[in-house]
Colleague: 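Here it is, the structure, as structure tokens.
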Amino acid sequence: MYLDELNKEQREAVLYNQGPLLILAGAGSGKTRTIIYRVAHLIKQGVSPYEILVMTFTNKAANEMKDRVKSILDVKYPGMWIGTFHSICLRILQQESIHIGYRTPFTIYSTSNQETVIRRAIKDLNLDQNKFKPKMFTTAINQAKNNLDSYDKYLDSKNPYDRTIGEVYQYYQKELKKNNAMDFGDLIMNTVILLRENKKVLERYQDKFKHILIDEYQDTNKAQYRLVNMLTQRNKNICVVGDDDQSIYGWRGADLSNILDFENDFRDVKIIRLEQNYRSTENILKAANSVIHNNSYRKSKELWTDKGEGTRVHLYEANDEESEAYFVLKTIKELNITKGFEWKDIAILYRTHAQSRPIEDAFLYHNLPYKIYGGTRFYDRKEIQDILSYANLIVNPHDNTRLQRIINVPRRGIGERTFERLSNYANENGISYYEAIEETGKIETLSSTYKNKIRDFRALIEDLEEFERNNSVDEVINQIAELSGYKDDLSELKKKNNVEAETRLENIAELVNVASTFAARNPDAGLKEFLSSIALETDVDSYEEEDESVTLMTLHAAKGLEFRVVFIVGLEEGLFPSLKFDNNNEEDEMEEERRLCYVGMTRAEDELYLTYAKSRRQYGEMKYNMPSRFISEIPEECLDQINIMDKAGAVTKEYVKVVESNNPYTVGDKVEHKKLGIGVILEINEDIIKVDFLQSGTRMLATEFAPLRLIKDTEIVDSIRNVTPEPLAREKEQEDNGYSIGDVVEHDHFGIGEVKSLDGEFITIDFNKAGSKMLSIAFTKLRKV
DNA sequence: GGTTGCGACGTTTTT
DNA sequence: CGTCGCAACC
């Protein structure tokens, strides 16, 4: 019986099924499990799946829930509405499109499309481009939509700056309407407007959804709050799950008061607290609890665990960001060797993306596999946006923004002047650009050469439209890349050894993959459906737990995940907590930084490392930051201060020496190799050691990959057993490793260099920039030049 | 129509 | 220190 798999509070939350319910679920307290079982239980009790609505913030969460509900109930199609706020709203808007004055299918504008429209607005409204940056407006408009504010409110403002925002907002909104497009904010706001202005529609949905569940309720903004509130007014079976201590998106419009005031919004609210943490050890939990206790704007809650004390939270002071990176690297290697943690068990979390760089450098140099999440998103990449613009144009040719984007990409001789003549004609006649293209003959300002070029473009789009009717989504995407000349263009560049072009081709291939997966899963869906599905998709959705690599990500991106070992780096005043506070709500923002720290700390299951650097390069300038206040908020008895003086501090440029000083081995140490048995270290050269093995003679080994462990003298007697040294696979390469002295080679990290000497699988190269290095061929990516 | 160089800028970003 | 956008060049 599935109820037996729950603790007392979780069970209570599953069984309580009449009226408003607030589940305050601390980090690692089995939140998702509770929601899923609650849904399953409702259905087992006879509630129809069609009467249940579950809203989440990420596709990942939605998919996970869908899958788990399906497996508990053992059905193929769950029937209930489970999705992100945005996808649920999209679904409603598409069904009710007659009420909202949009044609179906409307398109969805991503952040980059948004910016394109804003740029045009700034130009057309003759605003000073030095004073007004597009980002200011996108931020303001998104925020306005989160708060359900229309542009009228801004236009009526006494503040001239707000009036300018109003003007741009108005222009932008009209432009979107003209293009039959909505941005992310519109999806929510327009749904609220739809329900507010159509009583019949509202009542239909209120009737339909007898039970509504909201995940991560602390992250809802005002618009989302209104939406939920309207939908639930009839049945009041609203269950919200969240943790006020994990609200970290305030700057994006999330309104913490939604969860804090929930009990005042409804009558007879039942509150259940899930406070048993199944993730972290006592020390980690105690440290995290102590930090969050310094916040005043929160509900009382105290997490506990029965996992046992565990090790203390490790604290390390580095000299600078490079030695911080090397501490992380070295510690990870040690954890792997001594405690058997795998790469995928480990995550490194930081406040800003820029901090990943020194860590990447260190990992790259030492071939420690890692994966970075965030940064430029896959769907934001230029080539992906370009291809998708073509695809969108096939579905909706009147999308001016996207047409403008690709009409000359790749170059086909339709330059700025030509386009201007075309767009002028369109504007004068009040038609879309594509309609103007259909009337090219009538545009008198164009010479026949350019008319023909435009006709060619039109023919291209028509060919693609035709192709789309008879082929699968992935074939269409591929055809776009082919017919548009995009592929040829990149292939040409690739021939010239352009690495970037190669990546772009790979990205396009990946997009075709995504499309074919979609086509396989949704056999009845077409291009239209594919486009709206990926418009709401993000990179986080592709996070793979199985990956054999260390995870690098921002603290924000880590929410909802867990790792056996967590490093939080850069715990310095000014960096974390970040130093950019508004004067008005300084305290609010500090509390949000603290919650972010809490989120980071509670990701850790077994080991938590906190590091800070005494000095750090920020924006090219040397900064000397104080250790973060969050460190001093941790009780000393939970901390294990690592008091290694950083010998390497003075020579940070010389990675080599840092590693040497951090190398766990010294000459004379006895080691045990998984295959080669016991040996003694004869020499140490960077991270390569020469070991004399009892049974197989001397060998060079790369410390970070050789399956080695240090052994004490007393162990030796026990350990000498029959080790039959198997020749390593690499040994065969020794005969001819493909390189000879004098070869010029290129290394991903060090650049160009010349081969100086060869010693088995080891190769010494004199790099033009990085100097002389000894590297293991098996683990080094080298190219002959 | 495409390249180059200079200056401005610089959190976090579930959709 | 990097990146990116734009203006001035070829």
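In what follows, chains carry the letters A, B, and so on, assigned in the order in which the sequence lines appear, proteins first and then strands, with residues in each chain numbered from 1. Note that the coordinates shown come from a computational prediction; the quantities given were computed from them, not determined experimentally.
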Colleague: To the nearest Å, how far apart are A:Glu492 CD and B:dG2 C1'?
Modeller: 16 Å
Colleague: Check this for me, if you would: do A:Lys145 and A:Asp186 make a salt bridge, where the nitrogen-to-carboxylate-oxygen distance has to be below 4.0 angstrom?
Modeller: yes
Colleague: Check the distance between B:dT13's P and A:Gln143's CD and give it to me in whole angstrom.
Modeller: 16 Å
Colleague: Check every strand shown and say whether A:Gly413 touches a base, only sugar-phosphate, or nothing at a heavy-atom separation below 4.0 Å.
Modeller: sugar-phosphate
Colleague: Taking the minimum atom-to-atom distance to the side chain of A:Lys559, which one of B:dG1, B:dT14, B:dT11 wins?
Modeller: B:dT14
Colleague: Between C:dC4 and B:dT13, how far is it from one P atom to the other, in whole Å?
Modeller: 16 Å
Colleague: Can a salt bridge be assigned to the pair A:Arg252 and A:Asp219 using a cut-off of 4.0 Å between side-chain N and carboxylate O?
Modeller: no
Colleague: Taking the side chain of A:Glu593 as heavy atoms from C-beta outward, which of B:dT11, C:dC6, B:dT14 is closest to it?
Modeller: B:dT11
Colleague: Just N and O in the side chain of A:His353: are any of them under 4.0 Å from OP1 or OP2 of B:dT13?
Modeller: yes
Colleague: Hey, does A:Asp219 reach any base, or is it just sugar-phosphate, or nothing, if we go heavy atoms under 4.0 Å?
Modeller: base
Colleague: Answer with base, sugar-phosphate or nothing: what part of the nucleic acid does A:Phe85 contact at a heavy-atom distance below 4.0 Å?
Modeller: nothing
Colleague: Can you tell me which nucleotide in B:dT11, B:dT14, B:dT13 comes closest to the side chain of A:Lys135?
Modeller: B:dT13
Colleague: Compare side-chain N and O positions of A:Arg252 against OP1 and OP2 of B:dT14 and report whether any pair is under 4.0 Å apart.
Modeller: no
Colleague: A:Lys123 has an atom NZ; how far is it from atom P of C:dG5, in whole Å?
Modeller: 13 Å
Colleague: Return the value, rounded to whole Å, for the distance between atom CD1 of A:Ile122 and atom P of C:dC6.
Modeller: 10 Å
Colleague: If the plane angle is over 60° it's perpendicular, under 30° parallel, otherwise tilted; pick one for A:Trp251 and A:Tyr249.
Modeller: tilted
Colleague: Salt-bridged, A:Asp255 to A:Lys222, with N to O below 4.0 Å?
Modeller: no
Colleague: When you look at A:Gln218 and A:Glu216, which way does the side chain to side chain donor-acceptor pair (under 3.5 Å) test go after all the steps?
Modeller: CA-CA 5 Å; A:Gln218 77 281 355; A:Glu216 307 275 16; 2.7 Å; yes
Colleague: Nearest-Å distance, CG (A:Asp320) to P (C:dC1)?
Modeller: 15 Å
Colleague: In whole angstroms, how far is the C1' atom of B:dC9 from the CD atom of A:Gln618?
Modeller: 15 Å
Colleague: Would you say A:Thr84 places a side-chain N or O within less than 4.0 Å of OP1 or OP2 belonging to B:dT14?
Modeller: no
Colleague: According to a cutoff of under 5.5 Å between the ring centres and under 30° between the ring planes, does A:Trp251 stack with the base of B:dT12?
Modeller: yes
Colleague: May I have the distance from A:Asp588 (atom CG) to B:dT11 (atom P), rounded to whole angstrom?
Modeller: 22 Å
Colleague: Output yes when at least one side-chain N/O atom of A:Tyr619 is less than 4.0 Å from OP1 or OP2 of B:dA8, else no.
Modeller: no
Colleague: To the side chain of A:Thr554, which of B:dG1, C:dC1, B:dT13 is closest?
Modeller: B:dT13
Colleague: Using a cut-off of less than 4.0 Å, is there contact between a side-chain N or O of A:Lys133 and OP1 or OP2 of B:dG10?
Modeller: yes
Colleague: Would you mind telling me which of B:dT11, B:dT14, B:dG2 lies closest to the side-chain atoms of A:Tyr249?
Modeller: B:dT14
Colleague: Is it true that A:Lys623 and A:Glu572 have a side-chain N and a carboxylate O under 4.0 angstrom from each other?
Modeller: no
Colleague: Tell me which of A:His556 and A:Glu416 sits closer to the 5' end of DNA chain B, going by the nucleotide each one is nearest to.
Modeller: A:Glu416
Colleague: What is the distance, rounded to the nearest whole Å, between atom CZ of A:Arg357 and atom C1' of B:dG10?
Modeller: 14 Å
